[in-house]
Amino acid sequence: MIRLYNSLTQAKEDFVPREEGKAGIYCCGPTVYNLVHIGNARPYVTFAVLRSWLRHRGYAVALVENITDVDDKIIAKASAEGRTSAEVAAEYTAAYHDDMGRLGLELRPDVEPLATETIPEIVDLCRRLVATGHAYEADGSVYFRVRSFPEYGKLSRQRIEDLEEGARVEGEPGKEDPLDFAVWKAAKPGEPAWESPWGMGRPGWHIECSAMGLRYLGAGFDVHGGGRDLIFPHHENEIAQSEAAGLPFARIWMHNGMIRSGGEKMAKSVGNIFLLREVLDRYAPPVVLTYFLTTHYRSPLEFSVDKLDEAKAAYDRLVEAVRTASFRIDHPGDGEPLRADELHAAAAAARDGFAAHMDDDLNTAAALGEVFGLARELFRYVAAADAAGAAVDADALEEAEDAIVAGLDALLIALPDSVSSARDLRAAKGEQACTTENVALPPAARLAEEARWDDLALLYVERLNCGDATYACALRDRYRGEKDWASADKVRDAIQAAGFELRDTPQGTQVVPRG
RNA sequence: GGCGGCGUAGCCAAGUGGUAAGGCAAGGGUCUGCAAAACCCUCAUUCACCGGUUCGACUCCGGUCGCCGCCUCCA
């Protein structure tokens, strides 16, 4: 049973979907007036991982993430730059897709609706609110009457009286009450505008999320997500607008913690932001994912180069474990394999532990801990086999490797291409085709078997230039066997120059692409 | 002032009634022709502080201190 922390009840609850076997998630996406920063990526990643996990658990999931492409800030930017609002929105929508896309295409939401394509639904919602007395028109704008909704404040736990005290005076003379908020704004000259029963105007404040959530997921949908900072007023208002109109809104509210920089929330207004694209220029996407997921999504997360570096070291260790497993499965060694009961047991335990932690409010940090624990067992087993001069149990290694990869896969943390393609190759049980100038070459292993060392020596440099280190490895192993260190080192230099790192194992030279 | 959250080793971070996962860093050792990777050992008698409940609390209750978020656009 999956349990999720619901901000509405401030407790973990069993996840009982509205419709059996299905789950609908709405997550607040960006207002496209600027480049996204690393903080914006946290909910994007969090809810993509939630979707991933729900799918692993057999749910058919729809993840909807809006793009707000009409808004005061966009209009202000357009006006400052002498462009149209639509041009600004288009530019930053494209940039948003570019930047988030680099995190991995499998993270993309299933639906990314635009506010400007949801105008009829928005107008409809406003009309319903006016008809039921929950909203009123003033000078072409429509305001939500906060005091008409008795449950107002149920998410943020704010009492209307308390809000009243702290409320800043809004320069909007048509309001009955300072707490009331616009659901529809009358257009000023030059602003983007659509027809409505109240004249030309545009969506106000936060109504687009109500309209899009209800449009794509329907009343009473399962999960609504976003950053903690949106609880008030954004999410509170979404609830009020929707439910006052007679449409039950989201049942479970999930909020991710803020990314901080210098101990403060990362925010454009604070000026301590790091753009996602800057971070991705320096760190690979799976490293950034690891950085996010080694902390529980509800906790605050400090941004720093040190933390990214640590995430890289952590990620590299996991990759190394998979590499080691892959290599040893292909080169198990001779003789009786070392018994692997403990490794089998560890793999099974890690799988169970991983699932249990993920079920428990998406505890990715603890789940990842299970994966690390299994990696350790895997290394330990290989080291024990080497120490005993024994072969390895390829089945056990494969089981452990699969568990690690399955965990990373569920967390959307990708393996480097070189590692996943090695796994694919093994799965296909195929031999790598070796061709030089369209002439098929025998695999290195066969040349070595037939003791054709001159051929290997002749070809290995050329093969390295094609990114194939198998000839070089076979040759170096031969030299090492003869204790011809000078020749062996010469081949090693060539391998390294071709961009590989070497690992010596009892079963010969293992190469891994550098970087 | 109101609402919410947090405080666990040098750093990061799980745990939340049964005696402290995991990662990084550091030191020592093993393996190794060299190198890399890996392994082993060490690294919180203790979970901000003070009381209380309990056979037993990091975990529950009360209080204190410190930090953060929201109350205004904000992921």
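In what follows, every chain begins at residue 1, and chains take the letters A, B, ... in the order their sequences are listed.
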- Message: I want to confirm an ordering. Mapping A/Gln158 and A/Thr294 to their closest nucleotides on RNA chain B, which one lands closer to the 5' end?
- Response: A/Gln158
- Which of the following nucleotides, B/A75, B/A13, B/C73, is nearest to the side chain of A/Lys73? B/C73
- Measure up the A/Phe149 and A/Phe144 rings against each other and bin them: parallel (under 30°), tilted (30 to 60°), perpendicular (over 60°). perpendicular
- Message: Between B/A20 and B/G63, how far apart are the two P atoms, rounded to whole Å?
- Response: 30 Å
- Please state the C1' separation for the pair B/A25 and B/G10 - nearest whole angstrom. 7 Å
- Reading RNA chain B 5' to 3', what string of ( ), [ ], | and . shows its pairs, if Watson-Crick and G-U wobble pairs count only when both distances fall under 3.5 Å? ((((((((.[[[..)..(...]]].(((((.......))))).....[[[[[..)....]]]]])))))))....
- Item | Heavy-atom donor-acceptor pair, A/Glu236 side chain to A/Gly153 backbone, under 3.5 Å | yes
- If you check the A/Ala366 side chain, which of B/C74, B/A14, B/G23 turns out closest? B/A14
- Does the ring center of A/His235 lie less than 6.0 Å from the ring center of A/His255? yes
- Out of A/Thr324, A/Val322, A/Asp316, which one pairs with A/Glu320 under the side-chain contact (heavy atoms from CB on, under 4.5 Å) rule? A/Thr324
- Under 30°, 30 to 60°, or over 60°: which ring-plane class applies to A/His331 and A/Phe327, parallel, tilted or perpendicular? parallel
- Item | Check: A/Arg157 side chain, A/Leu8 main-chain N or O, donor-acceptor pair, under 3.5 Å | yes
- Message: Below 30° counts as parallel, above 60° as perpendicular, anything between as tilted: where do the rings of A/Tyr26 and A/Phe221 land?
- Response: tilted
- Task: Indicate, yes or no, whether a donor-acceptor pair under 3.5 Å links the base of B/C74 to the side chain of A/Lys265.
- Result: yes
- Task: Anything under 30° is parallel, anything over 60° is perpendicular, the rest tilted; go ahead and classify A/Phe181 against A/Trp205.
- Result: tilted
- Message: Taking the P atom in each of B/G23 and B/G2, what is the distance between them to the nearest angstrom?
- Response: 44 Å
- Closest nucleotide among B/G69, B/A75, B/C74 to the A/Glu264 side chain: B/G69
- Nearest-Å distance once atom C1' is located in both B/G56 and B/G18: 7 Å
- Sequence-aligned protein contact record of nucleotides 31-39 of chain B, with B where the base is within under 4.0 Å of a protein heavy atom and S where only the sugar-phosphate is: --BBBBSSS
- Task: Select one nucleotide: of B/G4, B/C73, B/A75, the one nearest the side-chain heavy atoms of A/Gln10.
- Result: B/G4
- Message: Just the rounded figure in Å: distance from C1' of B/C67 to CE of A/Met258.
- Response: 16 Å
- Is the NZ or CZ atom of A/Arg42 both under 6.0 Å from the centre of the six-membered ring of A/Phe292 and within 45° of that ring's axis? no
